[in-house]
Amino acid sequence: MDKDIIKVTSPLLPDLGAFNEYLKQIWDKQWITNNGEFHQQLEKALAEYLGVPYISLFTNGTLPLITALQALRITGEVITTPYSFVATTHALWWNGIKPVFVDIDPKTGNLDPNKVEAAITPRTTAILPVHVYGNPCDVDVIQDIADKYGLRVIYDAAHAFGVKVDSRHSKMLSKSEGDYVSVLNAGDLSTLSFHATKVFNTVEGGAMVMHDAKMKQRIDYLKNFGFANETTVVGPGINSKMDEIRSAYGLLNLKQVDKAIAARRHAAERYREVLKDVEGITFFDEMPGVQHNYSYFPIFVDEKKYGMSRDELYFKMRDRNVWGRRYFYPLISEFSTYRGLESAAPDNLPTAHTMADTVICLPMHHLLSDEDVQRVIECIVK
Ligand SMILES: *Cc1c(COP(=O)(O)O)cnc(C)c1O
């Protein structure tokens with residue numbers, strides 16, 4: 001029994017019988033992509049579920065980032081975080097934009113808004129923060145800086161599916177309706193990933209969230225080569241459409257995502273309860289006024305206090321078939337494409353380096369049993 005591998009994540013899969021029914025409908029209609037009925041239904045259902053005014057589906061979570069930068073005609077330099085999945089910075093590179101890395105806040109893992117102003121130059125046009133692990137960024141402070149310097153804000157919200165903030169806690173979000181407001185309503189645009197490893201998946205997939213119908217129209221053109229109609233191409237668009245099969249799959253998964261998040265929460269609560277007493281192991285405090293999605297459970301290993309390095313613990317877990325992941329190690333700023341940039345110097349990013357060198361994301365998904373969680377805990381508690 002101890003031999004079973006406990007993986008860091010497990011894809012949320014729809015009921016196969018129900019999916020077959022939907023496939024049959026697609027086969028009957030013989031309409032398999034290009035804004036079909038399931039695509040339209042999923043956009044509507046997601047906007048409602050997430051509490052956002054407009055959403056456009058994409059074929060993955062990287063292309064909406066690339067397209068958002070195109071749509072807002074971002075150029076020059078963009079301020080961003082090195083503590084993320086590499087796609088965040090790649091999206092800038094694919095647009096010929098120079099990434100400028102700014103250090104992160106140890107309390108959340110997010111871009112430290114207090115360090116943003118010092119990185120602004122005459123070439124800066126936007127800020128690209130990430131709600132890392134689903135922890136909401138300080139969207140008010142970021143917006144104030146953006147307004148002061150005339151910058152755009154695009155959030156990589158790949159981890160923030162379903163994350164909501166008490167509207168009394170945020171000047172910006174309190175403009176949207178409701179007591180708890182989706183963090184996806186912050187900034188000019190936000191992007192989501194529906195990759196298999198995320199809280200909500202469509203196998204591969206993603207989306208962009210925007211504030212108004214005109215922007216949705218423009219994004220819908222851009223994700224379909226720039227076609228506005230049969231004979232008009234309004235700009236250099238790309239092909240990033242979601243098909244009917246994955247839209248149908250998404251509709252089914254949306255029905256069970258709340259249950260999946262509740263199961264994640266149960267595991268997270270158990271981790272917190274036990275690991276709070278382990279000397280040298282820390283994790284993020286629960287953020288007040290945040291309805292979280294429990295997308296990840298990162299712990300940080302203080303080698304001196306814990307008596308074992310992060311990698312020693314990581315490989316000890318491996319030996320016991322408990323597969324954590326070192327998200328996000330190495331930092332994006334350490335990869336060959338980016339490490340030559342001035343802002344990639346380790347001196348500029350001390351907190352990001354400390355976090356990258358000490359983090360392990362523990363297994364966190366909807367299928368973890370209490371016994372699984374116990375096995376993970378037993379690797380860590382000595
Ligand atoms: C997963 C992820 C992406 C990319 O999403 P894909 O759907 O895999 O293209 C982008 N940014 C972050 C922070 C991610 O975790």
Side-chain angles (χ1 to χ4, degrees), residues 7-12 42 46 55-70 78-95 97 99 101-102 104-105 108-111 126-137 153-163 183-184 186-187 189-209 223 238-243 246-247 249-250 253 264 292-298 324-333 335 337-338 352 355-356 359 361 364-365:
K7 283 180 269 165
V8 72
T9 189
S10 179
L12 183 63
L42 183 57
L46 278 170
I55 191 165
S56 180
L57 290 171
F58 276 72
T59 199
N60 60 44
T62 302
L63 282 159
L65 276 172
I66 291 175
T67 308
L69 294 159
Q70 281 281 319
V78 169
I79 290 169
T80 191
T81 169
Y83 195 74
S84 180
F85 182 61
V86 70
T88 309
T89 313
H90 281 352
L92 296 171
W93 204 262
W94 274 70
N95 278 289
I97 295 163
F101 296 113
V102 163
I104 58 174
D105 176 353
T108 60
N110 290 330
L111 189 68
I127 308 171
L128 175 56
V130 180
H131 303 293
V132 80
Y133 307 128
N135 295 339
C137 289
V153 183
I154 298 168
Y155 284 100
D156 180 343
H159 300 175
F161 184 92
V163 173
V183 76
L184 303 169
L189 295 167
S190 292
T191 65
L192 286 161
S193 165
F194 303 151
H195 182 257
T197 54
K198 307 297 207 264
V199 170
F200 169 81
N201 83 84
T202 58
V203 187
E204 296 271 356
M208 195 191 303
V209 169
K223 77 176 180 191
I238 195 145
N239 180 10
S240 185
K241 303 187 296 295
M242 179 172 288
D243 57 78
R246 287 184 292 149
S247 299
Y249 175 109
N253 258 355
R264 287 167 173 272
H292 215 277
N293 62 2
Y294 308 92
S295 45
Y296 300 86
F297 197 91
R325 284 298 290 269
R326 289 168 290 182
Y327 296 139
F328 288 98
Y329 166 84
L331 292 176
I332 302 175
S333 50
F335 293 125
T337 315
Y338 306 113
M355 286 184 78
V359 70
C361 282
M364 176 47 71
H365 57 80

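Counting starts at 1 for both ligands and their atoms, following the listed order. The basis for the numbers below is simple: all heavy atoms, side chains too, and nothing from hydrogens, waters or symmetry mates.
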For the 3.5 Å polar cut-off, considering only N or O atoms, please tell me whether [X] and ligand 1 meet it.
X      : value
His195 : no
Glu204 : no
Tyr296 : no

Ligand 1 contact by Gly205, heavy-atom criterion under 4.0 angstrom: yes
Can a non-hydrogen atom of Ser84 be found less than 4.0 Å from any atom of ligand 1?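 Yes.
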Kindly give the heavy-atom pair with the smallest separation between [X] and [Y], and that separation in Å.
X      : Y      : answer
Thr80  : Pro99  : CG2-CB, 4.2 Å
Val102 : Pro82  : O-CD, 3.3 Å
Tyr133 : Cys361 : CE2-SG, 3.7 Å

How far is [atom] from its nearest protein heavy atom, and which residue and atom name does that atom have?
atom                    : value
atom 5 (O) of ligand 1  : Ser193 OG, 3.2 Å
atom 15 (O) of ligand 1 : His159 NE2, 2.7 Å
atom 9 (O) of ligand 1  : Thr62 OG1, 2.6 Å

Should the proximity of Asn60 to ligand 1, defined as any heavy atom under 4.0 Å, be assigned to the side chain, the backbone, both, or neither? both
If the cut-off is 4.0 Å to any non-hydrogen atom of Lys198, which atoms of ligand 1 fall inside it?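 Atoms satisfying the 4.0 Å criterion: 1 (C), 2 (C), 14 (C), 15 (O).
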Proximal atoms of ligand 1 relative to Asp156 (non-hydrogen, under 4.0 Å): 10 (C), 11 (N), 12 (C), 13 (C)
How about His90 and Tyr338: does a side-chain donor come under 3.5 Å of a side-chain acceptor? yes
So, do Leu69 and Leu92 sit near enough that their side-chain heavy atoms are less than 4.5 Å apart? yes
Please identify which of these residues, Thr202, Asn201, Asp243, meets the side-chain hydrogen bond (donor to acceptor under 3.5 Å, both in side chains) condition with Tyr249.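 The residue from Thr202, Asn201, Asp243 that satisfies side-chain hydrogen bond (donor to acceptor under 3.5 Å, both in side chains) with Tyr249 turns out to be Asn201.
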Residue selection (non-hydrogen contact nearest atom 3 (C) of ligand 1) among Tyr327, Phe194, Phe85: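 That would be Phe85.
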Below 30° counts as parallel, above 60° as perpendicular, anything between as tilted: where do the rings of Phe328 and His159 land?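 Parallel, since the angle between the ring planes stays under 30°.
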Test log, rule side-chain hydrogen bond (donor to acceptor under 3.5 Å, both in side chains), inputs Arg246 and Thr59: CA-CA 9 Å; Arg246 287 184 292 149; Thr59 199; 2.8 Å; yes
